[in-house]
A.B. asks: 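Here it is, the structure in full.
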2 protein chains.
Amino acid sequence: MTTSDPARDSDASGQAELIDVLVQATFMTVAVLSGVAADNDLSLTQLRVLAILRDRRVRMSALAAYLGLDRSTMSGLVERAEKRGLLARAPDPSDGRAVEVFLTGSGAELAGALYIRIEQSLSPATGRLAPAERRRLAALLRQMAGPEG
Amino acid sequence: MTTSDPARDSDASGQAELIDVLVQATFMTVAVLSGVAADNDLSLTQLRVLAILRDRRVRMSALAAYLGLDRSTMSGLVERAEKRGLLARAPDPSDGRAVEVFLTGSGAELAGALYIRIEQSLSPATGRLAPAERRRLAALLRQMAGPEG
DNA sequence: TATTGTTATACTCTATAACTATA
DNA sequence: TATAGTTATAGAGTATAACAATA
């Protein structure tokens, strides 16, 4: 989304300029995350599932809602990951319709390793900032994308 | 990639904390972009193709390299977009092997509309920042993800 | 009646392998 | 020989529609 629109030159509010570089940083990050996932024969979505389940046990429907996917899509994703021994399903005792998903030992191990690889793979980017700048950037990103949104 | 790792509490360098919120902001942005794309019956990759071609005419191989895709994948993406009348292919006069891709009038019109929708759809997030904060965030993101990386 | 999850189906996205044409 | 692009193939990701079981 890089443009050379002349209207951008007098962008006093910084909206358009921020959007350009935000989109650029987004695809840089997606590329890094996808690379780490691919190195482990995972899709980006599978990586996200492992990350979500790292410290939680959740219902199929909650997983689908959080990822913005249809429940039928979740069934396929979970089935393939289950076949690989990364996670498992169990009926929810409190609701006969619901199914809970959780990591196996092997899945938890992989999730931990993935997190370390992500930190390493992003460090060339984050390392371009001084510690104080990193904290400032984190604060601004949290304000922009934070809990409220 | 949100965690409650106690090691994070004493993260004086801000590395891990930045990574968490960067990944969160990344998926927020991807969700917004994917939503805009889906509203126009496009995939996120197709939207990126239109954005790249907005002010350029590029070779198939350059497009594939920029997006990190195989050339055969580009052939399919471009063929489907061409079938919809959004872009076209033409042989490169300077190299008999090469093919250049460029937007049609209809494709350029859509690309412009998409950009406006993206600005609108991201504004709830960017609007949480004051103009000076937006400029500061843009500068930090540029430094982190900028031209060098 | 509404919700949860699965299955069947169809299409897009993606990479690998094999191929043609050009450099 | 190497590069540019396409085609064939196969598998993963995705949504829609229809369904069964439970609430």
Side-chain angles (χ1 to χ4, degrees), chain A residues 27 30-31 33-53 57-102, chain B residues 27 30-31 33-53 57-102:
Chain A
F27 287 125
V30 165
L33 297 176
S34 297
V36 171
D39 289 344
N40 292 274
D41 287 302
L42 295 169
S43 69
L44 185 54
T45 305
Q46 301 263 20
L47 180 143
R48 293 186 74 186
V49 170
L50 294 186
I52 292 167
L53 295 180
R57 154 190 283 250
V58 299
R59 286 186 181 189
M60 292 290 295
S61 55
L63 215 40
Y66 184 77
L67 294 171
L69 299 172
D70 192 86
R71 294 194 309 275
S72 64
T73 300
M74 273 320 315
S75 289
L77 284 164
V78 166
E79 189 198 331
R80 286 185 289 274
E82 192 174 35
K83 207 168 285 179
R84 287 177 56 179
L86 300 175
L87 47 80
R89 280 180 279 200
D92 183 337
S94 73
D95 186 334
R97 302 167 297 179
V99 169
E100 283 189 331
V101 190
F102 52 94
Chain B
F27 287 125
V30 165
L33 297 176
S34 298
V36 171
D39 288 344
N40 292 273
D41 287 301
L42 294 169
S43 68
L44 185 54
T45 305
Q46 302 262 22
L47 179 142
R48 292 186 75 186
V49 169
L50 294 185
I52 292 166
L53 295 179
R57 155 191 281 250
V58 300
R59 286 186 180 189
M60 292 290 295
S61 54
L63 214 41
Y66 185 79
L67 294 171
L69 299 172
D70 191 86
R71 295 195 308 274
S72 64
T73 301
M74 273 322 312
S75 289
L77 284 164
V78 166
E79 189 199 330
R80 286 185 290 274
E82 192 174 35
K83 206 169 285 178
R84 287 177 57 179
L86 300 176
L87 46 81
R89 280 181 280 198
D92 183 337
S94 72
D95 187 335
R97 301 167 299 179
V99 170
E100 283 189 333
V101 190
F102 52 93

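Atoms considered below: every heavy atom in the structure, side chains included; atoms not considered: hydrogens, waters and symmetry mates. Protein chains get the first letters and strands the later ones, always in sequence-line order, with residue 1 at the start of each. Treat the numbers as computed from the prediction; the structure is a model and nothing was measured.
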A.B. asks: Could you walk me through whether Leu53(B) and Phe102(B) pass the side chain to side chain contact (heavy atoms under 4.5 Å, CB included) check?
C.D. replies: CA-CA 6 Å; Leu53(B) 295 179; Phe102(B) 52 93; 5.8 Å; no
A.B. asks: Indicate yes or no for a side-chain donor-acceptor contact from Ser34(A) to the backbone of Val30(A) under 3.5 Å, with no hydrogens or angles considered.
C.D. replies: yes
A.B. asks: Side chain to side chain contact (heavy atoms under 4.5 Å, CB included), that's the test. Do Leu77(B) and Leu69(B) meet it? Break it down for me.
C.D. replies: CA-CA 10 Å; Leu77(B) 284 164; Leu69(B) 299 172; 3.7 Å; yes
A.B. asks: Would you state whether a donor and an acceptor, one from the side chain of Ser72(B) and one from the base of dT16(C), lie under 3.5 Å apart?
C.D. replies: yes
A.B. asks: Can you measure Leu63(B) atom CG to dT6(D) atom P for me and round it to whole angstrom units?
C.D. replies: 11 Å
A.B. asks: Can you say whether a donor on the side chain of Ser75(B) sits under 3.5 Å from an acceptor on the base of dT7(D), or the other way round?
C.D. replies: no
A.B. asks: Report the distance from atom CD of Glu79(B) to atom C1' of dA8(D), rounded to the nearest whole Å.
C.D. replies: 13 Å
A.B. asks: Measure from CE on Met60(A) to C1' on dT22(D) and round the result to the nearest Å.
C.D. replies: 17 Å
A.B. asks: Give the minimum heavy-atom separation between Ala37(A) and Leu47(A), together with the two atoms involved.
C.D. replies: CB-CD1, 3.8 Å
A.B. asks: Would you mind reading off the distance between Leu67(A) atom CG and dG5(C) atom P, rounded to a whole angstrom?
C.D. replies: 14 Å
A.B. asks: Given atom CZ of Arg59(A) and atom P of dT6(C), what is their separation to the nearest angstrom?
C.D. replies: 13 Å
A.B. asks: Measuring from the side chain of Arg71(B) (C-beta onward, heavy atoms only), which nucleotide among dG5(D), dT14(D), dT14(C) has the closest atom?
C.D. replies: dG5(D)
A.B. asks: So, OP1 or OP2 of dT3(C): does either fall under 4.0 Å of a side-chain N or O from Ser61(A)?
C.D. replies: no
A.B. asks: Measure the distance from CG on Asp41(A) to P on dA15(C) and round it to the nearest whole Å.
C.D. replies: 13 Å
A.B. asks: Report the C-alpha separation of Asp41(B) and Gln46(B) in whole Å, then their side-chain angles, then the decisive distance to 0.1 Å, and conclude whether the side chain to side chain contact (heavy atoms under 4.5 Å, CB included) test is met.
C.D. replies: CA-CA 9 Å; Asp41(B) 287 301; Gln46(B) 302 262 22; over 6 Å; no
A.B. asks: Reading DNA chain C from 5' onward, which residue's closest nucleotide shows up sooner: Arg80(B) or Asp70(B)?
C.D. replies: Arg80(B)
A.B. asks: Let's see if you get this right: which residues in residues 93-102 of chain A place a heavy atom under 4.0 Å from DNA chain D?
C.D. replies: Asp95(A), Gly96(A), Arg97(A)
A.B. asks: Just N and O in the side chain of Thr73(A): are any of them under 4.0 Å from OP1 or OP2 of dG13(D)?
C.D. replies: no
A.B. asks: Does the side chain of Arg89(A) get closer than 4.0 angstrom to OP1 or OP2 of dT6(C) through an N or O atom?
C.D. replies: yes
A.B. asks: Run the salt bridge (charged side-chain N to carboxylate O under 4.0 Å, His left out) test against Arg59(A) and tell me which residues pass, sequence neighbours left out.
C.D. replies: Asp92(A), Asp95(A)
A.B. asks: For the pair made of CG in Leu44(B) and P in dT14(C), what is the distance, rounded to whole Å?
C.D. replies: 9 Å
A.B. asks: Provide, to the nearest angstrom, the distance between the CG atom belonging to Leu69(B) and the P atom belonging to dG13(D).
C.D. replies: 16 Å
A.B. asks: Got a salt bridge between Arg89(B) and Glu82(B), using NZ or NE/NH1/NH2 to carboxylate O under 4.0 Å?
C.D. replies: yes
A.B. asks: Counting side-chain heavy atoms from CB outward, which of dA15(D), dC13(C), dA15(C) is closest to Gln46(B)?
C.D. replies: dC13(C)
